[in-house]
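Below: the structure, in structure tokens.
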Amino acid sequence: MTTTNGKYNPPDIEPKWQRFWHEHNVFAAEDVSDKPKLYVLDMFPYPSGAGLHVGHPEGYTATDIVCRYKRMCGYNVLHPMGWDAFGLPAEQYAVETGTHPSITTRKNIDNFRRQIKALGFSYDWSREVNTTDPGYYRWTQWIFLQLYRKGLAYLDEVPVNWCPALGTVLANEEVIEGRSERGGHPVVRRPMKQWMLRITEYAERLLQDLDDLDWSEGIKEMQRNWIGKSTGANVDFQVLGLSAVIQVYTTRPDTLFGATYMVLAPEHPLVDAVTSDAQRSAVEAYKEAAEKKSDMDRAELNTEKTGVFTGATAINPVNREAIPVWISDYVMMGYGTGAIMAVPAHDSRDFAFACTFDLPIRAILEPSTADADAEGVTASDVVAGTVCWPGDGTLIHSANDDGLDINGLSVAAAKHATITWLEARELGAAATNYKLRDWLFSRQRYWGEPFPVVHMDNGDIILLDETELPLELPEIDDFKPTGTGESPLAKAGDWLAYTHPVTGETGRRETHTMPQWAGSCWYYLRFVDPVNDQQAWAPEKERYWMPVDLYVGGAEHAVLHLLYARFWHKVLYDLGLVSTTEPFARLVNQGMILGISFKDATGALVPTDQVEERDGAFVHRDTGAAVAEFPAKMSKSLRNVVNPDDVIAEYGADSFRLYEMFMGPLEAVKPWNTKGVEGVRRFLQRAWRMIIAADGTVTSDLTEQPPDTGLLRILHVTIRKVTADLDSLNFNTAISQLMIFVNAFTKADSRNREAIEIFVKLLAPLAPHIAEELWQRLGHTGGISYEPWPTYDEALTRETEVEILVQVRGKPKARILMAPDATPEEMERIALGEEKVREAIADCAVRKVVCVPGRLVNIVI
RNA sequence: GCCCGGGUGGCGGAAUGGCAGACGCAACGGACUUAAAAUCCGUUGACCGCAAGGUCGUGAGGGUUCGAGUCCCUCCCCGGGUACCA
């Protein structure tokens, strides 16, 4: 359906080429190939009811450009797309309307697929996966069996993050400042029997292997912080008059001589045993109050220290001193041993607690004068214990008569000496701790993978056989959470009943489901072999395609998805099921795209639909008050969300793609500006008119006449720059260079055909529809997707003459044309011969001449 | 508080230690048009000057260098992450 119309009209050409790519299966990856492989992956989306957002296609466009470019360079490219479709919104919609989540999900996926296809991305759609498809989650359940058999999945009664509003428990990673990550509902601690995954067993490897990944340092650092490795010592404190021993974890064993009291977490198992009768009622009351506090309360109250004395006294192992034992919720059961030695002189939390309860403060560390000055304190105040000094210094008052003397040592040396002493007397030992906790892996939801687990009537827990998978979700009518912490699946009637096929014993199926992260933990593996119904993936395909060479997605998954997927991958590696220790060799995070927003003089946000432009200024439509424009995260409430469908309808998919890439660096946060889309649309129109005449045929300006040296240089510079920029993902500057090409070539009366065809190839990865159409109109058949990528001649990128700046004392004085390869001596001679330069030097003596070939001459006088 | 990013024209942004502001948007002037849109040509960091030209200028202040947006130190502001983690 080639139109003879000479106008650049995206609605004519974009659907045409999308159909062509689909019908000719142009982007199918080859499972067996002599070509080098490249696996480029986007973080697959959750198909929400709101549809695609301009943020999604940003990363998708970037990866699509890389894929199209690399195919032209001869790579066998795997570029798949799928749906992370289990999740709460579809289930909440089901609760409200009774619509089954699978129906909502299918509808949303269809919409997402339509929107994504309208952007012309070169996905291999034959590999599409959907985490809610039983043919997919069968293998998610299968991986769970592998985890269980390896001892990495277990049931535990643990205090969990219970979110009453959502009716489910949440992982630590899903709780932000005491509220649910999704929806911002309050979360409380509550003990419940839950499935856990032993991610802590992999903490060290998850930390170590970060070093070799080509990820942004920021994301790696966030994972390191989340894993939170620290080293120190476990130290035993004998409780006076009891056989009990309280073990503490400290990163500062050097400060043992400064310990003036101890604190147990309120939930610590020894609290009841050590509490004296006199203190028992106070301790009980405090424990009860602490239990009721949500994490949010604990976080908010973090400056106000509370606590109760237990009545117990413990013996400091280094100086045999008796110190009181307290309980306080500033010590948490989940980290270290749930008990601390308090060194108020050198720990700000302990200092605050000691001040509140008037406990002794003993300094055992003297900072250098310089360090103290830098912090605005004096060493004498530190030594007197009137200010807290958590930093470095020299040990004082730290010796006993049993062979330990660390006075005069630095912190590092004192730590080492103390640990050696403790170990020799079996009073303690070096220890390592991680903040990372085991992963809470069950949810009380309907719309998730059922666990392939049965609770037998005799109390045993058995796993389904692999042949019994998939265990499909039962059909139910009522999706409401029970509110008791039981899953909606508890209402699934017959589905719950299980009879063992061999023994005939009966049991009840697990009613919890897996969290949304489960399906996304391994989808990149399914893409290598998406329709295999015998195996999750064939080993030879995994060996060929893995690892993912480039993974692009939002930074919001920095710790959640990316840490979980790495964990599963390492388990699969240990089981011999995958060939690489890491799944994602290179990770790039695209920056958020912000919407244009407005605020009034008071700083209050004004929804975009209440703002209008009057005399070049933005005012509130009703009040006429001036409002200020600023970029903010797109949100329904601000009505500043840009819908890709609208942009494509008005400007076309190529303009949309080009604009998103032209806005700025991929990783930067950037504000959307629709005027900018018009700019790139104009560029495409100019490129079109450079090639196509008004009647729709190739313009007669296109000739076989060789380009002049200026244009030839621009051609070769453009090939070089676009190639380098696509390799480094600097799409914005690649587009600039293509604009420079068009600006130069449109001005020429005669345009060399070969040069123009090279330009079309360079444009193809970025704006594929217009490139295909131009390529066809230039007389080629079969599409541009696998045309060889152009190469450049370095010699032709050089100018015959360059303008050399001559500076005198760093001030520009003259610009002189010279040969680019002029030697420094020649440059100096020419520069000193220039009259303006001689004037500037006047009769001063030339002290030094700096010559940078091809750049400048700086004369120092 | 701590850990990462980042501060460059009216705006988005560009710049291996070597002429700051490429490319685009917006604005202004001009051509074409009965007119407008579209398109094309030109101007556009600030200040001084009739001009030639000059002075200032990459968040602030210091430093290194013949030369700093770029490297080093101190500080301020913005964005993100994280936080009684002992």
Side-chain angles (χ1 to χ4, degrees), chain A residues 176-177 216-222 224-226 228-230 232 248-252 255 263 265 298-299 301-305 328-332 334-343 346-350 352-353 374 390 433-437 555-556 558-559 589 591-592 594 596 616 629 631 633 658-659 662-665 667-680 682-683 685-686 689 730 732-740 742-743 746-747 803-815 847-861:
Chain A
I176 312 289
E177 289 182 7
S216 77
E217 214 35 57
I219 298 289
K220 291 207 265 187
E221 202 52 32
M222 278 166 71
R224 286 189 192 106
N225 290 340
W226 192 266
K229 183 181 183 175
S230 70
V248 303
Y249 170 70
T250 177
T251 57
R252 297 292 302 275
T255 62
V263 186
R298 277 198 178 193
L301 292 173
N302 73 24
T303 45
E304 287 288 313
K305 293 283 184 288
S328 171
D329 64 6
Y330 88 90
V331 174
M332 281 163 306
Y335 184 76
T337 61
I340 62 156
M341 63 173 202
V343 184
H346 306 294
D347 180 285
S348 58
R349 295 152 304 180
D350 297 344
F353 191 84
N433 255 299
Y434 300 90
K435 284 199 264 183
L436 185 71
R437 318 283 170 82
E556 66 274 19
V559 282
N589 295 109
M592 207 189 325
L594 305 176
I596 292 175
E629 191 183 354
K633 197 169 171 172
L658 222 46
Y659 174 63
F662 188 60
M663 288 169 86
E667 299 188 59
V669 176
K670 305 164 283 274
W672 180 272
N673 173 11
T674 298
K675 288 279 187 214
V677 190
E678 289 174 24
V680 294
R682 274 199 283 271
F683 157 68
Q685 253 160 349
R686 282 160 62 81
R689 281 199 309 270
N730 293 121
N732 54 335
T733 49
I735 294 166
S736 296
Q737 186 60 41
L738 291 171
M739 288 173 169
I740 290 169
V742 169
N743 290 345
T746 19
K747 282 195 183 97
E803 195 180 72
I804 300 294
L805 176 75
V806 183
Q807 299 177 325
V808 176
R809 278 201 353 243
K811 302 277 182 199
K813 291 295 169 191
R815 290 168 180 82
R847 292 196 305 163
K848 185 176 174 183
V849 179
V850 181
C851 293
V852 183
R855 291 278 185 184
L856 59 64
V857 177
N858 188 9
I859 298 161
V860 188
I861 56 175

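Here is how names work: the chains are called A, B, and so on, in the same order as the sequence lines, proteins then strands, and each is numbered from 1.
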Legend entry - Whole-angstrom distance between B:rA20 and B:rG54, as gauged at atom P: 13 Å
Legend entry - Minimum heavy-atom distance between A:Tyr249 and A:Gly232, given as atom pair plus value: OH-N, 3.6 Å
Legend entry - Heavy-atom donor-acceptor pair, A:Lys670 side chain to A:Ala668 backbone, under 3.5 Å: yes
Inset, instruction - Find the distance A:Ile340:CD1 to B:rC84:C1' and express it as a whole number of Å. - result: 9 Å
Inset, instruction - In whole angstrom, give the distance that lies between atom OH of A:Tyr434 and atom C1' of B:rA86. - result: 17 Å
Legend entry - A:Tyr249 side chain near B:rA86 phosphate (N/O to OP1/OP2, under 4.0 Å): no
Inset, instruction - Search all heavy atoms of A:Thr255 against all heavy atoms of A:His346 and return the closest pair with its distance. - result: CG2-CB, 4.5 Å
Inset, instruction - Without swapping roles, check the side chain of A:Arg437 against the backbone of A:Lys435 for a donor-acceptor pair under 3.5 Å. - result: yes
Inset, instruction - Indicate for each nucleotide in nucleotides 17-30 of chain B, in 5' to 3' sequence, whether protein heavy atoms under 4.0 Å reach the base (B), only the sugar-phosphate (S), or nothing (-). - result: -BB--BBSSS----
Inset, instruction - Could you pick out which residue, A:Asp347 or A:Tyr659, lies toward the 5' side of RNA chain B when each is mapped onto its nearest nucleotide? - result: A:Tyr659
Inset, instruction - Mind checking side-chain contact (heavy atoms from CB on, under 4.5 Å) for A:Asn732 and listing every partner two or more places apart, or none if nothing turns up? - result: A:Pro665, A:Asn730
Inset, instruction - Look at the side chain of A:Thr251 and decide which nucleotide, out of B:rA86, B:rU82, B:rC84, has an atom nearest to it. - result: B:rA86
Legend entry - Closest-nucleotide ordering on RNA chain B, the 5'-leading residue of A:Lys813 and A:Ser328: A:Lys813
Legend entry - Non-hydrogen side-chain atoms of A:Cys851 and A:Val849 separated by less than 4.5 Å: yes
Inset, instruction - Can you sort out the partners of A:Pro390 under side-chain contact (heavy atoms from CB on, under 4.5 Å), two or more places apart, ordered by chain and number? - result: A:Cys388
Inset, instruction - With sequence neighbours excluded, tell me which residues meet salt bridge (Lys or Arg N to Asp or Glu O under 4.0 Å) with A:Asp350. - result: none
Inset, instruction - Check every strand shown and say whether A:Ser230 touches a base, only sugar-phosphate, or nothing at a heavy-atom separation below 4.0 Å. - result: sugar-phosphate
Legend entry - Pairwise C1' distance for B:rG67 and B:rC19, with rounding to whole Å: 12 Å
Legend entry - A:Thr250 side chain, from C-beta outward: closest of B:rG13, B:rA86, B:rC66: B:rA86
Legend entry - Pairwise P distance for B:rC47 and B:rA36, with rounding to whole Å: 31 Å
Legend entry - Strand RNA chain B in bracket notation, Watson-Crick/G-U under 3.5 Å with | for pairs to another chain: (((((((..(((.....[....))).(((((.......))))).((((....))))..(((((..]....))))))))))))....
Inset, instruction - Over all heavy atoms of both residues, which pair between A:Phe662 and A:Ser736 is shortest? Give the atoms and the distance, please. - result: CE1-OG, 3.6 Å
Inset, instruction - Can you tell me, in whole Å, how much space there is between the C1' of B:rA14 and that of B:rC4? - result: 25 Å
Any N/O pairs under 3.5 Å between the protein and nucleotides 1-7 of chain B? List them or say none.
none

Inset, instruction - Using whole Å, report how far CE of A:Met592 lies from C1' of B:rG81. - result: 12 Å
Legend entry - Span that lies between the P atom of B:rC71 and that of B:rG5, in whole angstrom: 12 Å
Legend entry - Flag side-chain contact, heavy atom, 4.5 Å: A:Thr746 against A:Arg689: no
Inset, instruction - Determine the interatomic distance between C1' on B:rU55 and the same-named atom on B:rG6; round to the nearest Å. - result: 31 Å
Inset, instruction - Apply side-chain contact (heavy atoms from CB on, under 4.5 Å) to A:Lys813 and list each qualifying residue two or more places apart in sequence or on a separate chain. - result: A:Val808, A:Lys811, A:Ala840
Inset, instruction - Could you tell me which residues satisfy ring pair (Phe, Tyr, Trp, His ring centres under 6.0 Å) with A:Tyr659, sequence neighbours excluded, listed by chain and number? - result: A:Trp672
Legend entry - Spacing of A:Phe683 atom CZ relative to B:rU39 atom P, expressed in whole Å: 15 Å
Legend entry - Conformer about C1'-N of B:rG9 - syn within 90° of 0, anti elsewhere: syn
Inset, instruction - Report the residues that fulfil salt bridge (Lys or Arg N to Asp or Glu O under 4.0 Å) with A:Lys229, sequence neighbours left out, ordered by chain and then residue number. - result: A:Glu204
Legend entry - salt bridge (Lys or Arg N to Asp or Glu O under 4.0 Å) partners for A:Arg855, two or more places apart: none
Inset, instruction - Pick the P atom in B:rC25 and in B:rC40, then give their distance to the nearest Å. - result: 10 Å
Inset, instruction - Tell me which nucleotide among B:rG12, B:rU39, B:rC66 gets nearest to the side chain of A:Pro671. - result: B:rG12
Legend entry - Separation of the P atoms in B:rA26 and B:rC41, to the nearest angstrom: 16 Å
Please write out each protein N/O paired with an N/O of nucleotides 42-45 of chain B under 3.5 Å, distance rounded to 0.1 Å.
none

Legend entry - B:rG12 OP1/OP2 closer than 4.0 Å to side-chain N/O of A:Lys670: no
Legend entry - Sequence-distant partners of A:Arg252, salt bridge (Lys or Arg N to Asp or Glu O under 4.0 Å), two or more places apart: A:Asp254
